[in-house]
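Presented below is the structure to which this report refers.
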Amino acid sequence: MLSRPVTYAAIAVLLLFLPTCGAQTLPASKQGSVISDAQALIHAKQYDEAITLVNSGLHNAPADYRLWTIQAIALSLKGEKDQAIASFDKALRLSPSYIPALRGEVQVLFPSSDKRAIPLLESILQADTKDATAHEMLAVLQRKQGDCVAANRHFALAGETIDNHPGSLEAYGSCLLETKQAEQAVPVFERLVALLPDRNYARYDLAVVEIASRQFEAAIRTLEPLLTDDQKDPEILSLASQAYEKTKNTPRAVALLRQAIVLSPTTPDYYASFAALCLEHDSFQVGIDMMNVGLKYIPDDPALYVARGLLFVELADFPHAEQDFSRVEKLSSLQVLGAYALDLTEVQKNNPEEALARVRAQLKDHPDDPFLNYFFAQSLTNASPDVNSREYNEALMAARKAAAAKPDYVPVHDLLASIYIHAGQYPEAIAECRTALRYDPSDEGGTYHLLIALKHLGQTQELPALAKRLAQLHRDSLNRETERKSFRLIEAGKDAAPNAPQGTGS
């Protein structure tokens with residue numbers, strides 16, 4: 001995003017709004033002289049002299065909010081932000097609706113996105129509901145605070161004021177997308193492209209919202225000027241791949257995605273997208289080959305193991321699928337779990353034994369905490385303990401305890417299913433999977449555990465439907481990631497090129 005251009009007039013110009021009459025404790029002529037002389041000194045950039053003069057006036061008229069405002073303006077122009085804010089605050093305590101003080105303090109606070117400017121802007125808008133600059137500033141700050149609903153309202157009220165402000169246009173468009181108004185975001189980003197025709201990020205942003213609003217042909221037209229032979233931005237290539245696949249041009253989609261992978265071989269999203277293409281077009285072995293390439297570059301990424309496991313399922317290679325899904329569970333257990341486990345993630349990554357010792361100690365003080373028990377059980381099962389070992393029994397007991405304390409916590413049912421599968425107790429595993437899927441039908445873990453357990457029992461009737469369901473759940477999770485994609489442009493990719501397969505064979 002470009003530097004923020006939205007602003008009131010230069011802060012010194014606020015002096016023009018200061019009347020030379022008003023609250024008085026000095027004779028009017030003397031008071032007016034102090035104000036006008038201080039204004040002149042500020043315009044001459046003699047800030048220290050202006051502050052000295054204002055201080056003499058405040059000695060005799062301490063309640064004159066205009067003098068406090070002039071002092072604040074002089075201090076801000078000197079770069080003494082904190083002192084300026086204190087003087088503006090003093091002026092506003094004396095006269096809460098004094099517009100020059102409100103605008104002046106906003107002008108000081110806004111460049112650093114200081115949320116203290118929000119109530120000041122709201123006060124300005126109470127006095128003048130048509131102040132477009134205040135609406136725009138307030139919208140930008142609300143966006144920073146994560147309140148896109150309020151930001152959208154004020155961006156709309158700002159009207160054409162934002163049309164020449166790239167930062168505001170992008171903030172407005174991204175807020176519309178976040179609030180599921182992708183179609184309304186399209187003209188906002190079209191304006192951004194018109195304003196910045198030579199900036200790649202503007203076209204990228206427009207294509208994101210066009211794809212989100214299912215305008216795939218339009219997204220291709222938007223991105224085509226960027227798809228040159230020397231394009232080094234893998235995100236642009238990946239986005240274009242999505243658009244081409246939606247228009248049934250799979251060969252082009254595959255070529256662009258392969259190019260993105262070559263440029264950035266350590267980005268897991270690109271491999272996951274490639275796997276989705278392979279699942280869609282029944283090119284399972286090609287997908288497995290690509291996941292193998294990816295795992296050489298990023299060997300501990302759960303998404304690649306999930307994707308490869310799904311591809312193994314489609315080939316009915318359940319032993320390899322089960323290995324990949326088990327690997328996913330171990331990698332995913334390195335997530336923060338519960339209020340008492342906040343510091344355990346990094347410890348477990350580097351020293352699993354220390355993490356286990358810590359959680360044991362915490363369980364002494366909080367023996368019934370479901371998240372601690374879950375973390376404890378998961379940590380123990382990461383080592384694949386023998387079913388007759390003390391560690392296995394401890395893991396089983398802790399997982400059961402977590403499930404009893406919080407029966408709607410889906411991950412613990414997934415963990416119990418995994419523990420039972422490890423022990424060959426497939427009926428028990430199936431029961432836990434059914435429970436998990438009752439609470440969350442979109443639970444990928446429960447779905448693939450169910451598929452594996454049914455396969456071990458020879459109950460094959462559900463397997464085809466479960467495999468398709470699992471693949472669809474994975475596609476849905478990828479789509480959600482795309483929707484959460486932030487607007488950004490990566491100008492330079494990496495030169496390293498993996499030994500990637502040549503296509504999906506579709």
Side-chain angles (χ1 to χ4, degrees), residues 234-235 237-242 244-245 250-335 382 414 418 444-445 447-449 451-452 455 463-464 466-482 485 493-494 496-506:
E235 281 291 278
L237 299 169
S238 173
L239 192 66
S241 173
Q242 293 178 45
Y244 275 108
E245 172 62 13
T250 300
R252 179 68 166 151
V254 171
L256 290 168
L257 193 53
R258 283 196 69 259
Q259 192 177 347
I261 291 171
V262 167
L263 288 168
S264 183
T266 58
T267 301
D269 286 352
Y270 304 154
Y271 296 100
S273 296
F274 194 93
L277 286 174
C278 293
L279 287 165
E280 184 70 28
H281 298 285
D282 297 339
S283 300
F284 309 125
Q285 188 58 54
V286 171
I288 289 170
D289 292 342
M290 181 64 90
M291 297 311 103
N292 291 340
V293 170
L295 287 167
K296 291 179 182 178
Y297 285 91
I298 36 178
D300 291 327
D301 189 88
L304 270 65
Y305 284 101
V306 169
R308 193 173 68 176
L310 290 170
L311 291 160
F312 279 130
V313 166
E314 292 291 352
L315 291 178
D317 187 347
F318 291 99
H320 281 108
E322 189 171 355
Q323 288 177 14
D324 278 349
F325 293 149
S326 296
R327 182 64 175 158
V328 171
E329 291 164 13
K330 292 180 180 180
L331 293 170
S332 298
S333 71
L334 297 177
Q335 296 174 356
N382 279 346
D414 292 342
S418 177
E444 286 187 64
T447 304
Y448 67 66
H449 282 132
L451 187 149
I452 296 297
K455 175 67 172 81
L463 296 188
L466 279 173
K468 290 185 181 300
R469 174 66 176 155
L470 187 55
Q472 186 59 51
L473 287 173
H474 191 58
R475 291 188 193 98
D476 292 344
S477 68
L478 290 176
N479 289 336
R480 286 192 294 272
E481 277 303 312
T482 298
K485 187 187 291 290
K494 297 181 180 179
N499 181 19
Q502 296 301 308
T504 64
S506 56

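Here the structure is a predicted model, which means the values were calculated and not measured.
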Roughly how far, to the nearest 0.5 Å, is [atom2] of [Y] from [atom1] of [X]?
X: R469; Y: L463; atom1: CZ; atom2: CG; result: 16.0 Å
X: Q472; Y: E444; atom1: CD; atom2: CD; result: 10.5 Å
X: L473; Y: L466; atom1: CG; atom2: CG; result: 10.0 Å
X: Q285; Y: D317; atom1: CD; atom2: CG; result: 9.0 Å
X: Q323; Y: I452; atom1: CD; atom2: CD1; result: 10.5 Å
X: I298; Y: T267; atom1: CD1; atom2: OG1; result: 7.0 Å

Note to self: Evaluate V286 against F274 for side-chain contact (heavy atoms from CB on, under 4.5 Å), listing each step before the verdict.
What the structure shows: CA-CA 10 Å; V286 171; F274 194 93; 4.0 Å; yes

Hey, does [Y] have a side-chain heavy atom less than 4.5 Å from the side chain of [X]?
X: C278; Y: L311; value: yes
X: L451; Y: F318; value: yes
X: L257; Y: S238; value: yes
X: L315; Y: I288; value: yes
X: Y305; Y: L295; value: yes

Looking at every heavy atom in both [X] and [Y], which two are closest together, and how far apart are they?
X: P302; Y: V328; answer: O-CG2, 3.7 Å
X: G294; Y: L304; answer: C-CD2, 3.4 Å
X: D414; Y: G445; answer: OD1-C, 3.8 Å
X: L256; Y: A240; answer: CD1-CB, 3.8 Å
X: Y297; Y: V293; answer: CD1-O, 3.3 Å

Taking only residues two or more places apart in sequence, or in another chain, which ones meet [X] in a side chain to side chain donor-acceptor pair (under 3.5 Å)?
X: E245; answer: T250, H281
X: E280; answer: R475
X: S326; answer: none
X: S418; answer: E329

Checklist line | Set of ring pair (Phe, Tyr, Trp, His ring centres under 6.0 Å) partners for F312, sequence neighbours left out | finding: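 So F312 forms a ring pair (Phe, Tyr, Trp, His ring centres under 6.0 Å) with H320.
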
Margin query: So, using ring pair (Phe, Tyr, Trp, His ring centres under 6.0 Å) as the criterion, who are the partners of Y448 when residues are at least two apart?
Written below: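 Per chain and number, Y448 pairs via ring pair (Phe, Tyr, Trp, His ring centres under 6.0 Å) with F325.
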
Checklist line | Qualifying salt bridge (Lys or Arg N to Asp or Glu O under 4.0 Å) pairs with a residue from residues 300-309, counting only residues at least two apart or across chains | finding: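 Residue pairs passing salt bridge (Lys or Arg N to Asp or Glu O under 4.0 Å), neighbours aside: D300-R327, R308-D324.
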
Notebook entry, point to check: Is there a donor-acceptor contact under 3.5 Å from the side chain of Y271 to the main chain of G287?
Noted result: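 Not at all, since once roles are kept as given, no pair shorter than 3.5 Å links the two residues.
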
Margin query: Would the distance check show the side chain of S241 and the main-chain N or O of L237 forming a donor-acceptor pair, the cut-off being under 3.5 Å?
Written below: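 Such a contact is absent between S241 side chain and L237 backbone.
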
